[in-house]
Amino acid sequence: MATAATASHPASASTSGRGALAAACSSPAAVCLVPFRWWARVREEEAAGGVRYAATAAASPSYYGLRLLHSFLHPDLVLRLERGDGRAGGTGAGGRSYALVPADELSRALARQNSGFGLQNKHSFAGDSAGAYPLVLRISVRETSILTLKISKKDNPVENYKRANKIFNVDSQPVHVWDFSGQTNLILMNEWNRLHHDCCHADQENLLEVQVYAMSDSLTSKIGGTNKESPGGVNDLNADSYYRSFGRAGSMGLIGLENLGNTCFMNSSIQCLAHTPKLVDYFLGDYARNINRTNPLGLNGELALAFGELLRSLWTTDRKPVAPHHFKEKIACFAPQFSGFNQHDSQELLAFLLDGLHEDLNQVKCKPYEEAKDASGRPDEEVADEYWSNHLARNDSVIVDTCHGQYKSMLTCPTCSKKSVTFDPFMYLSLPVPSMAKRAMTVTVFSTDGSREPCSYDVSVPKFGTLSDLVQALSIACLLGDDEILLVAEVYNNCILRYLEEPSDSVSLLRDGDKLAAYRLPKKYEKSPLVIFTHQHFDEHSSGDNVTPQKKEFEAPLLAALPERVNGLSLQNIYLKLLNPFQLSKGASSLNGSAGFNGDSADLMDGMPSDSGSNFQDIQLDDDPRNSNCSTNDCEITNAPGELYDGGKADPNKERRVEDFEFYLKSERGDVQQQKIEINELDLLETIPSRLHVNVHWQQNASRQYAASMLNNLPEIHKLELTPKGTEDSIALHGCLEAFLKEEPLGPEDMYCPCCKKHQQAMKKLDLWRLPEVLVIHLKRFSYTQFTRNKLETFVDFPTTDLDLSSYVADKSEQPSSHYRLYAISNHYGNMGGGHYTASIYHEEGKGWYKFDDDCVTPISEDSIKTPAAYVLFYRRQ
């Protein structure tokens with residue numbers, strides 16, 4: 001018989017563990033912990049009212065990492081019990097409530113409630129160990145109305161300690177404890193008396209052993225047995241949500257899975273599948289007779305047997321968490337990528353599991369070969385039914401009946417408009433998550449013919465967009481002509497590091513501190529070889545009274561198309577024309593004197609010729625992506641020649657300007673200077689490279705002739721003051737569906753057109769055609785590139801009760817309902833480098849949502865299931 005230590009004989013914390021427990025067990029008192037709301041209804045009317053205590057967690061660090069360290073160093077469960085203002089006899093409090101009651105009173109209450117289940121004495125009741133278990137509590141007095149409750153691993157078996165952690169979990173719901181036994185009052189009085197006589201010894205702990213029935217299946221079955229005969233049963237009590245599901249059927253399916261080492265991804269997927277009603281009914285039945293052991297695509301039935309065994313262990317009345325060792329071994333055997341203890345993607349495991357279960361349970365022993373026929377103008381309904389019949393002829397399992405649907409795929413040739421239509425099955429939908437978050441990027445645009453001043457533009461692109469998005473926004477901002485293209489390059493250390501020519505590359509590859517330059521190039525020169533000019537000038541550096549000219553590299557290279565014949569004179573003419581926008585007037589040159597590059601950039605711009613109309617502005621970024629740091633119309637040099645290689649008007653100062661520059665060839669990589677280019681050198685190159693690198697040395701006088709602040713100060717991509725904040729990135733699930741179903745181009749070689757007799761870049765359009773009984777929706781939050789891995793934290797607003805897909809189904813003929821109800825979610829918290837998976841599941845018997853966090857199962861509100869962590873959604877047809 002489990003007993004409790006009376007408060008009149010407290011055991012000091014300094015007492016040895018074995019001796020203290022022996023003293024505790026020698027007392028005749030017996031106290032039980034039961035659900036309060038049940039006790040409030042069935043207890044004796046003359047029993048004294050209980051004293052209410054509100055339980056809160058003892059002080060611990062607020063930072064999650066420190067809390068983990070604190071829990072590791074101090075593994076005991078410590079609660080703060082604050083006494084209520086007064087006594088109450090029959091009303092509980094919100095959240096979870098428990099009652100400390102004498103064992104003999106509990107035995108009499110059960111006997112009165114139902115003589116068939118009642119126990120005649122406290123010994124037989126306490127000895128019923130099928131569901132109850134003993135728990136040793138350490139209670140100390142902190143203040144007049146505050147107790148400290150400690151449940152230690154040293155005093156209790158590990159399993160009992162884990163159970164106690166669940167019922168006293170104050171993080172998910174408030175917890176209240178009502179004392180009807182008088183033990184806490186006795187502890188308080190004894191402690192006050194002791195402190196009055198011995199004030200030097202405080203914080204003495206009193207051991208109290210209780211018999212816990214709060215989570216006992218044996219007790220709930222006894223209580224549940226009265227419901228059919230008595231209107232005063234538990235179901236009429238409006239019990240708190242934590243206890244409400246602990247009936248004979250309600251407790252089934254609320255069992256956690258132990259984490260075997262980074263297996264939360266597996267636990268999350270298993271719990272979602274294990275709460276799919278049709279699969280539960282199937283695997284709780286005689287599923288073994290449907291196993292196909294001869295299927296070469298299957299796993300010899302071992303995966304289905306392991307999953308069925310695991311599901312059955314989750315649907316029992318035993319609330320002990322299950323360790324899925326056997327199931328993990330089978331997964332690792334057939335899918336080595338999931339072996340070991342690394343974190344994986346729950347959706348990838350789910351896809352493997354559904355496919356493996358289907359093949360293990362496929363009732364088609366000999367799969368017929370069915371050749372897909374071309375639509376040839378036939379009605380879509382006829383073609384779709386033909387494809388579906390062919391699919392069912394080779395695939396027949398509970399997975400097909402439950403999770404398989406069908407969509408229509410149409411490819412259109414852009415040249416001859418030839419359409420190719422197929423109807424393919426799907427097991428889940430992988431929907432893109434369009435990010436509404438924007439990234440402000442600053443790019444400086446240069447002309448390649450010397451007709452415009454360089455201008456910096458602040459454009460807004462999707463945070464996880466592509467270079468194509470950047471070029472499109474920049475083209476709008478700089479009013480790019482139809483006969484022009486933009487060549488975007490990343491500039492580093494005064495040279496072009498790389499050209500951003502792959503439209504599908506992610507802008508996330510570009511860091512905020514990088515510098516970008518874009519060059520307006522006529523389309524007719526798109527395939528022409530280019531010349532890249534890097535340049536260095538004399539920067540007059542002051543050191544005391546001495547003024548020493550120092551050579552310094554310009555940050556921004558200049559770029560232009562090469563003519564058919566390249567010689568020293570042609571390169572000189574190209575470069576001088578590229579410098580036209582930076583040329584100062586005579587007055588400005590004399591005013592600036594020798595300080596050409598030390599003055600403020602605004603002062604340099606004031607010295608520009610009046611007929612150029614140059615006006616650099618500081619414009620803040622708003623919703624219009626076409627903002628720039630200069631007026632686009634004003635950037636055009638009105639007197640510049642129309643063509644780069646035309647002779648143009650005679651320039652009397654040209655000869656003098658020529659002497660201000662020296663030209664040198666550089667290596668193909670642009671890092672090693674090779675030879676000086678003589679202006680009168682005719683045969684400069686035997687073959688013209690696609691990229692010719694030339695370094696230009698400015699003489700000291702040249703620095704006084706040009707205002708090249710935009711060459712000398714290339715802005716970075718990111719400007720902190722332009723970053724919008726406070727806007728939450730969110731989208732509706734219907735927006736994800738529309739992004740999935742919208743028409744989009746394929747790769748250039750992805751479609752062979754039988755009419756054009758060559759590969760074409762076709763347009764692809766998807767439509768839903770046939771919906772499954774259970775619709776699994778995978779939100780594609782993870783993106784992978786060669787260099788980066790990102791996770792989208794976009795909040796997807798998904799319906800929980802009525803997902804209406806009727807407007808997205810192309811087949812308008814009569815078919816089952818297109819309305820779905822959410823019943824499970826696989827959640828991922830954290831980032832790509834590390835994270836944690838949980839599951840949120842609607843429990844039919846419990847009539848509520850529960851959070852499955854590995855071996856911990858707790859009730860949650862429906863409002864709390866919508867989070868940015870939602871990763872895989874499970875819907876079933878209404």
Side-chain angles (χ1 to χ4, degrees), residues 265 268-269 272 337 343-355 403 405 407 409 424-439 461-469 503-509 728-747 750 764-768 772 774-799 803 805 808 820 822 824-840 865-875:
F265 75 98
S268 176
S269 296
C272 292
Q337 66 268 30
Q343 184 68 277
H344 294 280
D345 191 322
S346 68
Q347 188 273 333
E348 291 180 1
L349 175 72
L350 178 69
F352 166 78
L353 191 53
L354 287 174
D355 190 57
C403 301
Y407 59 75
S409 175
D424 303 311
F426 67 85
M427 194 156 46
Y428 52 84
L429 297 178
S430 287
L431 305 186
V433 181
S435 176
M436 299 295 104
K438 297 291 184 179
R439 180 184 181 187
V461 297
K463 185 177 180 180
F464 298 102
T466 63
L467 292 178
S468 176
D469 298 323
S504 61
D505 281 353
S506 173
V507 295
S508 61
L509 295 172
E728 185 180 9
D729 190 14
S730 63
I731 190 173
L733 181 61
H734 290 285
C736 299
L737 270 168
E738 289 163 3
F740 173 71
L741 298 175
K742 74 175 182 180
E743 190 175 33
E744 60 181 2
L746 297 178
D750 285 351
K764 181 178 182 179
K765 177 71 171 71
L766 292 178
D767 288 296
L768 298 179
V774 170
L775 179 64
V776 180
I777 297 178
H778 165 225
L779 301 175
K780 297 168 68 174
R781 293 193 177 275
F782 302 120
S783 62
Y784 305 86
T785 68
Q786 184 180 357
F787 306 100
T788 63
R789 294 164 44 169
N790 298 310
K791 180 190 175 186
L792 291 173
E793 296 288 351
T794 305
F795 174 79
V796 178
D797 186 11
F798 48 86
L803 173 62
L805 299 178
Y808 300 101
Y820 287 82
L822 185 73
I825 309 170
S826 177
N827 303 298
H828 179 269
Y829 297 90
N831 52 33
M832 291 289 294
H836 182 62
Y837 286 92
T838 67
S840 301
I865 66 174
K866 290 187 179 183
T867 69
Y871 182 43
V872 184
L873 309 176
F874 292 76
Y875 284 90

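Values below: all heavy atoms of this structure, side chains included; hydrogens, waters and symmetry mates excluded.
- No side-chain heavy atom of Gln347 sits less than 4.5 Å from a side-chain heavy atom of Ser826.
- The two residues Lys765 and Glu743 make their nearest non-hydrogen contact at CD-N, 3.7 Å.
- Atom CZ in Phe740 sits 7.5 Å away from atom OG in Ser430 (nearest 0.5 Å).
- Panel note: side chain His836, backbone Phe265; no donor-acceptor pair is recorded below 3.5 Å.
- Contact check for Glu738 versus Tyr808: side-chain heavy atoms found under the 4.5 Å cut-off.
- The heavy-atom pair separating Lys780 from Pro432 by the smallest distance is CD-N, 4.0 Å.
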Decide side-chain contact (heavy atoms from CB on, under 4.5 Å) for Met427 and Asp355; before the verdict, give the C-alpha distance in whole Å, the side-chain angles of both, and the deciding distance to 0.1 Å. CA-CA 9 Å; Met427 194 156 46; Asp355 190 57; 4.2 Å; yes

For the pair Phe782 and Leu792, evaluate side-chain contact (heavy atoms from CB on, under 4.5 Å) and give the outcome as yes or no after the intermediate values. CA-CA 6 Å; Phe782 302 120; Leu792 291 173; over 6 Å; no

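- The shortest distance between side-chain heavy atoms of Leu873 and Tyr820 does not fall below 4.5 Å.
- Using a 4.5 Å cut-off on side-chain heavy atoms (C-beta onward), Cys736 and Ile731 make contact.
- Taking both residues in full, the closest heavy atoms of Phe426 and Pro772 are given as CZ-CD, 4.0 Å, listed atom of the first, atom of the second, then distance.
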Show your working on side-chain contact (heavy atoms from CB on, under 4.5 Å) between Leu775 and Leu805 and close with a plain yes or no. CA-CA 11 Å; Leu775 179 64; Leu805 299 178; 3.4 Å; yes

Determine, stepwise, if the pair Leu822 / Phe798 fulfils side-chain contact (heavy atoms from CB on, under 4.5 Å). CA-CA 9 Å; Leu822 185 73; Phe798 48 86; 3.6 Å; yes

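- Considering Ile777, Leu350, Asn827, Leu779 in turn, Leu350 is the only one that fulfils the side chain to side chain contact (heavy atoms under 4.5 Å, CB included) rule with Val872.
- The closest donor-acceptor contact from the side chain of Lys791 to the backbone of His828 lies under 3.5 Å.
- Judged by distance alone, the side chain of Arg781 and the main-chain N or O of Ala869 form no donor-acceptor pair under 3.5 Å.
- Side-chain atoms of Ser268 and Ser346 form no donor-acceptor pair, as typed in the model, at a separation below 3.5 Å.
- Considering only heavy atoms from C-beta on, Leu431 comes within 4.5 Å of Leu737 through its side chain.
- Using a 4.5 Å cut-off on side-chain heavy atoms (C-beta onward), Asp424 and Tyr407 make contact.
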Check the pair Glu744, Lys742 against salt bridge (charged side-chain N to carboxylate O under 4.0 Å, His left out), reporting the backbone distance first and the verdict last. CA-CA 6 Å; Glu744 60 181 2; Lys742 74 175 182 180; over 6 Å; no

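- Note that CZ of Phe874 and SG of Cys403 are 8.5 Å apart. Values are rounded to the nearest 0.5 Å.
- The shortest distance between side-chain heavy atoms of Tyr837 and Tyr829 does not fall below 4.5 Å.
- Scanning all heavy atoms of the two residues, the minimum distance from Pro462 to Val507 falls at O-CG2, 3.7 Å.
- Between Pro503 and Leu467, the closest side-chain pair of non-hydrogen atoms is not below 4.5 Å.
- The ring pair (Phe, Tyr, Trp, His ring centres under 6.0 Å) search around Phe352 returns none, not counting sequence neighbours.
- Smallest separation of non-hydrogen atoms from Leu803 and Pro799: CD1-CG, 3.6 Å.
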